[in-house]
2 protein chains.
Amino acid sequence: MVSNGLSRGRVLEAGVALADEQGLAAVTMRGVAARLGVEAMSLYHHLPGKKDELLDGLVDVVAAQIHAGLADRPDGDDWRFDVRSRCLVARDVVLGHPWLPGLLGSRAQIRPGIYQLYDGVLGAMVRGGCTYRLAHRAMHALGSMVLGFTPELFSPEAGDEDASADALEAMARTLPHITAMVAAELHDPADPTLGWCDSQTEFEFTLDLLLDGLERRRLAEDASLRP
Amino acid sequence: MVSNGLSRGRVLEAGVALADEQGLAAVTMRGVAARLGVEAMSLYHHLPGKKDELLDGLVDVVAAQIHAGLADRPDGDDWRFDVRSRCLVARDVVLGHPWLPGLLGSRAQIRPGIYQLYDGVLGAMVRGGCTYRLAHRAMHALGSMVLGFTPELFSPEAGDEDASADALEAMARTLPHITAMVAAELHDPADPTLGWCDSQTEFEFTLDLLLDGLERRRLAEDASLRP
DNA sequence: ACCTGAACACCGTTCAAGT
DNA sequence: ACCTGAACACCGTTCAAGT
């Protein structure tokens with residue numbers, strides 16, 4: 001036969017299955033190839049970016065599964081319900097691929113599919129009346145819960161310095177809320193303590209959010225024990 | 001000379017420095033050895049557990065740094081202040097070793113030094129009047145924020161099935177609050193929906209904690225904009 | 001005891017060669 | 001175009017050998 005039926009999609013599918021069954025360490029070029037009944041070197045034809053592209057592809061596959069799960073999910077009139085259901089869908093998918101958080105943490109670049117997930121949450125919050133700053137902080141808190149990490153949206157790597165006008169337009173099209181958020185925060189000198197993705201401030205904000213909520217639950221438990 | 005001055009401590013120190021400078025991928029037996037001016041095979045004498053022991057040792061070094069930072073930190077009369085300062089110290093140390101969360105996520109067993117950190121937070125919360133159940137949920141929420149993960153305390157691996165009476169006694173001594181929490185939750189049939197570390201319930205609890213807190217912040221912002 | 005050199009089975013990747 | 005075999009520089013690890 002002229003072709004083996006090998007394709008980028010089949011290779012990534014095999015990589016995900018291998019990671020699910022034997023962990024990320026088992027995902028080697030030779031291992032994935034063997035699962036497809038093929039030589040390791042054959043993979044390079046379908047993954048010009050080499051193993052980096054394989055690993056990025058694993059992230060893309062999981063991100064696509066999350067997006068598929070989000071598709072048949074109705075938007076409610078309560079932003080909390082909406083964000084909550086998005087997080088639950090994402091978590092449900094990630095539970096089936098427990099290697100994902102570790103993989104995400106080890107990758108240099110964040111994949112577009114992951115950015116799109118954050119963009120959706122951001123949109124739901126802003127529609128619900130949240131400011132971009134509040135939504136930004138929520139992203140960090142929720143991201144670390146669901147995916148085990150949160151990308152620094154403002155870091156130099158996120159928006160490459162050589163970003164062309166075309167690239168910016170494309171970003172505004174696929175990530176409208178992230179784009180708007182960046183614009184809003186760049187032009188908002190209201191709170192100089194926050195500044196440019198001040199991650200320490202973000203961290204303390206989320207920490208206090210949790211501590212305040214826990215104290216409120218503690219007081220409620222106290223009250224119900226001593227009526 | 002009869003000895004090279006090589007020791008477990010010096011090997012781990014070199015491993016941490018290498019990880020800090022070039023990332024976790026650079027931490028190879030040969031790489032660490034080269035940094036010490038020695039052959040890779042020499043390391044095995046000081047790390048009988050091989051590379052696994054090296055990686056566990058990196059975790060231990062960072063955990064020790066956090067414990068050192070916690071030592072000169074006064075306990076306040078507000079549990080939130082106490083927990084907050086513990087989290088900030090831990091985060092401060094982890095920022096200097098950004099490879100730690102990924103490493104923790106990839107390790108099978110959780111190190112005693114990490115358990116001790118959780119035990120300290122647990123103790124502060126219980127002293128402040130929190131129930132063990134609430135403190136348990138807080139641990140998951142805070143753990144994923146600071147270390148990027150939270151161990152399943154009740155999983156079979158955590159308390160090995162062949163745990164001897166001696167081992168249990170040692171655990172009760174070094175991890176008094178975790179031991180008490182496990183005991184309390186095992187003998188508390190009050191809430192059958194939670195059960196044995198029901199991680200889905202834990203997740204939804206934390207999620208709602210965040211969403212409720214965000215909604216409260218949103219309403220506060222709204223009120224301040226329209227006085 | 002502490003350290004080493006040679007060797008083995010792996011890994012990612014290149015390159016020239018097959019069809 | 002799609003796939004392969006041989007080869008290279010790495011990796012963790014073993015083992016027999018040095019001191």
Side-chain angles (χ1 to χ4, degrees), chain A residues 1-61 99 102-109, chain B residues 1-61 99 102-109:
Chain A
M1 70 184 98
V2 64
S3 172
N4 218 334
L6 214 56
S7 73
R8 185 187 145 89
R10 291 229 310 137
V11 173
L12 297 184
E13 190 186 327
V16 168
L18 202 54
D20 289 345
E21 290 168 19
Q22 307 183 43
L24 202 59
V27 180
T28 64
M29 298 300 280
R30 287 172 163 91
V32 172
R35 175 176 262 266
L36 291 163
V38 108
E39 296 299 316
M41 302 74 199
S42 307
L43 304 185
Y44 288 87
H45 214 270
H46 302 274
L47 300 170
K50 306 167 198 173
K51 199 187 179 185
D52 272 338
E53 188 171 347
L54 209 195
L55 295 178
D56 281 341
L58 301 188
V59 175
D60 293 345
V61 169
W99 40 267
L103 177 57
L104 281 176
S106 72
R107 303 266 64 201
Q109 299 278 335
Chain B
M1 70 187 99
V2 63
S3 169
N4 219 332
L6 214 54
S7 71
R8 187 187 143 89
R10 291 229 310 137
V11 173
L12 297 183
E13 189 185 328
V16 168
L18 202 54
D20 289 345
E21 290 168 18
Q22 306 183 44
L24 202 59
V27 180
T28 65
M29 297 300 279
R30 287 170 163 90
V32 172
R35 175 178 265 265
L36 291 163
V38 109
E39 295 300 315
M41 301 72 199
S42 308
L43 304 184
Y44 288 87
H45 212 271
H46 302 274
L47 300 171
K50 304 164 198 173
K51 198 188 179 185
D52 272 338
E53 188 170 346
L54 209 195
L55 296 177
D56 282 340
L58 301 188
V59 175
D60 293 344
V61 168
W99 40 267
L103 177 57
L104 281 176
S106 73
R107 303 267 65 200
Q109 299 278 337

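If you're wondering where the values come from, they're calculated on a predicted model, not measured in any experiment. Within every chain, numbering begins at 1; the chains are lettered A, B, ... in the order of the sequence lines, protein sequences first and strands thereafter. Heavy atoms only: backbone and side chains are in, while hydrogens, waters and symmetry mates are out.
- Listed by residue number, the members of residues 11-24 of chain A with any heavy atom below 4.0 angstrom from DNA chain C form an empty set.
- Separating the CZ atom of A:Arg8 from the P atom of D:dC3 is a distance of 16 Å, rounded to the nearest angstrom.
- Between the P atom of D:dC2 and the NE2 atom of A:His45 lies a distance of 6 Å, rounded to the nearest Å.
- For B:Glu39 and C:dT4, the CD to C1' distance is 7 Å, given to the nearest whole Å.
- At the phosphate of D:dC3, OP1 or OP2 sits under 4.0 Å from a side-chain N or O atom of A:His46.
- Atom CG in A:Leu54 sits about 13 Å away from atom P in C:dC11, given to the nearest Å.
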Only distances under 3.5 Å count here; give the side-chain donor-acceptor pairs of residues 12-34 of chain B to other protein atoms, sequence neighbours excluded, each with its distance to 0.1 Å.
{"unit_1": "B:Asp20", "atom_1": "OD1", "unit_2": "B:His97", "atom_2": "ND1", "d": "2.8"}
{"unit_1": "B:Asp20", "atom_1": "OD1", "unit_2": "B:Trp99", "atom_2": "NE1", "d": "2.7"}
{"unit_1": "B:Asp20", "atom_1": "OD2", "unit_2": "B:His97", "atom_2": "ND1", "d": "3.1"}
{"unit_1": "B:Glu21", "atom_1": "OE1", "unit_2": "B:Arg35", "atom_2": "NH2", "d": "2.5"}
{"unit_1": "B:Glu21", "atom_1": "OE2", "unit_2": "B:Arg35", "atom_2": "NH2", "d": "3.0"}
{"unit_1": "B:Thr28", "atom_1": "OG1", "unit_2": "B:Gly31", "atom_2": "N", "d": "2.8"}

Worksheet item: Which dot-bracket string describes DNA chain C (Watson-Crick N1-N3 plus N6-O4 or O6-N4, or G-U N1-O2 and O6-N3, all under 3.5 Å; [ ] crossing; | other strand)?
Response: ||.|||||...|||||.||

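- Annotation: side chain to side chain donor-acceptor pair (under 3.5 Å) contacts involving residues 39-54 of chain B, sequence neighbours excluded, comprise B:Arg8-B:Glu53, B:Asp52-B:Arg107.
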Between the protein and nucleotides 12-19 of chain C, list every N/O to N/O distance that falls short of 3.5 Å.
{"unit_1": "C:dG12", "atom_1": "OP1", "unit_2": "A:Met29", "atom_2": "N", "d": "3.0"}
{"unit_1": "C:dG12", "atom_1": "OP1", "unit_2": "A:Lys51", "atom_2": "NZ", "d": "3.2"}
{"unit_1": "C:dG12", "atom_1": "OP2", "unit_2": "A:Met29", "atom_2": "N", "d": "3.0"}
{"unit_1": "C:dG12", "atom_1": "N7", "unit_2": "A:Arg30", "atom_2": "NH1", "d": "2.4"}
{"unit_1": "C:dG12", "atom_1": "O6", "unit_2": "A:Arg30", "atom_2": "NH2", "d": "3.1"}
{"unit_1": "C:dT13", "atom_1": "OP2", "unit_2": "A:Lys51", "atom_2": "N", "d": "3.1"}
{"unit_1": "C:dT14", "atom_1": "OP1", "unit_2": "A:Lys50", "atom_2": "NZ", "d": "2.8"}

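- Separation of atoms CG (A:Leu104) and CG (A:Leu58) is listed at 10.5 Å; rounding is to 0.5 Å.
- Between B:Ser42 and C:dT4, a side-chain N or O to OP1/OP2 separation shorter than 4.0 Å is present.
- For the pair A:Leu55 CG and C:dC11 C1', the computed distance is 13 Å after rounding to whole Å.
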